[in-house]
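Here is how names work: the chains are called A, B, and so on, in the same order as the sequence lines, proteins then strands, and each is numbered from 1. Values reported hereafter were calculated over all heavy atoms of this structure, with side chains retained and with hydrogens, waters and symmetry mates removed. As the structure is a prediction and not an experimental result, all values here were calculated from the model.
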Amino acid sequence: MLTGTATYVDDIKMPNMLYAAMVRSPHAAANIRSVDISKAAAHPGVMAVYTGVDIKDVGAIVCGVELPGMRKPHHTVIATDRVYLVGHIVAVVVAKDRYVAADAADLVEVDYDVLDAVGGPEQALAEGAPAVHPQWADNIAFKFEQKGGDTDAAFASADVICKQRMISQRMVANPMETRGCVASWHAADRALTIYTSTQIPHLARTILAGMLGLDENRLRLIAPEVGGGFGCKLNVYPEEAIVSFAAMKLGVPVKWIETRRENFLSTIQGRGHVDYWEIAAKRDGTIVGVKVKIIQDLGAYFQLLTPAIPTLSVLMMPGLYNARNIHAEIVGVFTNCVPTDAVRGAGRPEATYGIERMVDVLAAELKMDPAEIRFKNFVAADQFPFATATGLNYDSGDYANTFTKALDTIGYKKLREEQATARKQGRLVGIGISTYGEICAMGPSPAVAAGGWESATVKVEPSGKVTILTGISPHGQGEETTFAQIAGDELGVPIDDVLVLHGDTSIVQYGIGTFGSRGTAVGGTAVYLALQDIKEKVIRWGSMLLDSNDVRFEGGMCIDNASGKSVSIQTIAAAAYRAMKIPTHSEPGLVATRFWEPGNFTYPFGAHIIHSEIDPKTGQVEIKRYVMVDDIGNILNPMIVDGQLHGGASWGLGQALWEHAIYDDAGQLVTGEFMDYAMARARMMPWIESSHTCTPSPVNPLGVKGVGEAGTIGSTPAMVNSVVDALAPLGVTHVDMPLTPEKLWRIISASQPEAN
Amino acid sequence: MIPNTFEYTAPLTLKVALALIGEGGKPLAGGMSLIPMMKLRMAAPEHLVDIGRIAELNYIREAGGELHIGANATHYDVESSPLIVGKCPLLAETAGHIGDIQVRNRGTLGGSVAHADPSADYPAALQALEAKIVLTSATSQRTVAVGDFFIDTFTTSLEPGELVTEVIVPVEAGLTGTSYQKFLQPASGFAIVGVAARIRREAGKITVARIGVTGVSGNSYRALKAEAALVGKAGSDAEIDAAAALVGEGVEAGADLHASAEYRLHLAANYAERAIRVALSRTA
């Protein structure tokens, strides 16, 4: 990427290639009276204009989730009679270049009958709210309930019950590369090739083949270099089907590249919760029960995993604590906004934010130190594997140890003393703690839509070079390096001899993809297992070549234990392909494929502590120190791991301090470009003091847990807890995100009029 | 993010450029504001005249006790020019606050001034410096005081056919201290509030005070009451606070997603205080 030599979708150019531009609704809710394409179709350079009627045979958008009693909108790839969100596609223009296509898109005349819209989840539930879908007047898509233990009894027995409403605001995923695709139809073979910026090449192929009515094996889907996904490319979108449809109709390649503005409007967003939490405890701080009611803003329709995301919040709601009695209710509501779906953390950040805030609220109520109350309630190191009240089975951990390391690193006791001194001077100094857990390595197949296993093929070529085909689809996570390390270690070959291929359905055996912090923990394990098969075969060939029944494989050599004679894996590979002689119970070649089904999720955890100070005159937050100690099991590549953690933290801080996808009451995205949407910039990031503890996961032979989302999950509550702690002397117990300077200034001004 | 069709010319001489602009061509400098507006189709000029290759607009020189800065000087040029850093440090300091490194490498002083964004950084400094703007057309040239140049949001006294060709700022005499203090909008990097203070203190008394403000309202301005409150004072904390409190007086503050009018006015006073304090500390 840095040298500009990588191939992204927009770098792909084909002979006679045409360009598509989407005509999108400027209204969040409207009936379509008519769509007049005549001027656009007559525009010089325009090859075709298609409307919802033209494309009606293409299947609707696929959602892979079923919940009891769920209402599932039928969302066609182009609207026909009604639009449900700003950015809803009403026509597509295909032209000789991108500029002509954009000009002609402006010429499509759509006559809208504009309707009242719903811009947020609580507005959707308000009395007299307009119906997003006319057939479902209450705007409720589903209600979901989960109980563990006996919450009623627990709450009845409690000495103290704390309640807090809190919002996890909508966030935009904002990958550096927006979405985009190129589709090319090969009429002679009745085969389609589509290049698309996705995290899930094989799943996308299966889904698109179904939508387009193609045989799955005649659709080749290639994810070239992908410039970030963060969950938003864990999806199949209308544009991929529309561009494929156009390419098949016109018989020439068609490209579409999403503009940044389209990305804000039309690519799934994350979070979108309004949560009502209750925590019940004994006077000594022992948590006895937790309740949450989640109002989830689903948006106007369902993308691949939309309704599942809040159910992940429920699973995570006990956090790291021995909370045996839980009760969760989800109300999933439709709004006239772009769908929410999996965005970095996907449901776990919302839950972790909730439980970590509630523990602080409880500590404040009981006048306990927030560190002490955490120690009191942690699942103990000798309780693993630990069955949670939400039905999970935490694999391994030592929460108190990791937390202690974080406290020692920041010098917690001394910092509290300094804070007390600062408070006497009227300064607003905060210390915020987050001890988070998370669900990674998704996951066992019964728990994941479309399966949660992963595949790998390892090929030792005749020259001894090693090619790995992985079913995951790295798009910045660095598994090209990590997997090469695994192969280098197992086979004793130089890392440079290993090539990792992925993302092309015609090259790689079926796979699931990259999401849910699963790449190395699940995909890497499949690689590891295939390498074991290779090693077994290498030993058979080595035994034959050394004419010994007592050989070991070490450092890339098969060694005869008796004579010390050896033969290299490169020589063995050449012999295996030349096959002049074949060992008994073996066969030519040196290839192994494994599909691995994990027996459980993995459960990384950690402790983030943020020392902050608020300028009382402006409300500006300054992060003075940020200590994170993360336990993600074994670490294969420290630099990649820290990059993931720090990048994740920038997300979490972004949510806590700056980012917010704001929809107004008309369903218009007010922060719809980078001039207004305050994504974290390098200059806004603090120095992060990062370290680790290690409790290997017993779930996989690598002992790894997953790291892609941990930083995001751990950082947000630490930041908010720090700011609330800073404001505690003013009687503040909660502030909703993002913690903008004006919001904090107003709180400070209201409580200290003399300061201003 | 795809602009409408437009003609594009990149003349090498000012004469040709002015002729084209006289015919209705829209000048393109660094493109840091115009190009995004075109990509969003909020602006659709038919003919862009790229003045970026006109060498005769690219200079920074001292003459007659003033600095003359050609319109094509980039923000980075302004920020890093030894002449500006040494002789008009307020303008260099202000340029260093603009956007990010990429923007400062592309964007130009002339382009920013002509665009007249109410949240841009330069206007605060130019107001405090009592800068002069040179406007040139194919047939005439005039020099306008900055206070007369900025009229309103995105509105200046530029007439059709005219181009901002030069900005003139004073060479600071000794005993003058300056500072630009900015509260930035985290997404855009523009100023929610920016205050430039330029203060001369002689024999322990403030003799000249100039305070330029940007971001607070639809147009940059000089805070005359705050300036008057400082003149003749020694510059004690109480005097600074009292003057700073006047900085938004009588101003109709703007409100948007990022700051209410009330907060803007509060910040204006707060950042004026910071700017005055730092400027005073630099008078010695």
Check your understanding: Which atoms of A:E659 come close to chain B, meaning under 4.5 Å heavy atom to heavy atom: side chain ones, backbone ones, both, or neither?
Key -> neither
Practice item. Compare every heavy atom of B:L257 with every heavy atom of A:V670, then report the nearest pair and how far apart it is. Key: CG1-CD1, 3.7 Å
Review point. Who are the salt bridge (charged side-chain N to carboxylate O under 4.0 Å, His left out) partners of A:R179, not counting sequence neighbours?
Key: A:E239, A:E258
Practice item. Could you check B:L40 against A:R260 for side-chain contact (heavy atoms from CB on, under 4.5 Å), going step by step and ending with a plain yes or no? Key: CA-CA 10 Å; B:L40 290 167; A:R260 184 58 65 181; over 6 Å; no
Review point. Which bit of A:D615 is near chain B, if near means a heavy-atom gap under 4.5 Å: side chain, backbone, both or neither?
Key: side chain
Practice item. List the atom of A:M675, the atom of B:H258, and the distance in Å for their closest heavy-atom pair. Key: O-NE2, 4.2 Å
Review point. Which residues from residues 184-196 of chain B are near chain A, with near meaning under 4.5 Å between non-hydrogen atoms?
Key: B:L184, B:Q185, B:P186, B:A187, B:S188, B:G189, B:F190
Revision key, fill the gap. Bottom line for A:Y99: the part with an atom under 4.5 Å from chain B's heavy atoms is both
Check your understanding: Under a 4.5 Å heavy-atom cut-off, does chain B meet the side chain of A:E262, its backbone, both or neither?
Key -> neither
Review point. Using a heavy-atom distance cut-off of less than 4.5 Å, which residues of residues 99-124 of chain B contact chain A?
Key: none
Review point. Using non-hydrogen atoms only, which part of A:I662 is less than 4.5 Å away from chain B: side chain, backbone, both, or neither?
Key: side chain
Practice item. Please say whether more than 12 non-hydrogen atoms of neighbouring residues, nucleotides or ligands are located less than 6.0 Å from CG in B:D152. Key: yes
**Study point:** Greater than 12 external heavy atoms within 6.0 Å of B:F183's CZ
**Key:** yes
Review point. Can you list the steps and then say if A:E742 with B:E262 is a side-chain contact (heavy atoms from CB on, under 4.5 Å)?
Key: CA-CA 10 Å; A:E742 178 163 0; B:E262 185 190 0; 5.7 Å; no
Check your understanding: How would you list, in number order, the residues of residues 270-279 of chain B that have a heavy atom less than 4.5 Å from chain A?
Key -> B:N270, B:Y271, B:E273, B:R274
Check your understanding: With no hydrogens and no angle check, is any side-chain donor or acceptor of B:H266 less than 3.5 Å from a backbone partner on A:K617?
Key -> yes
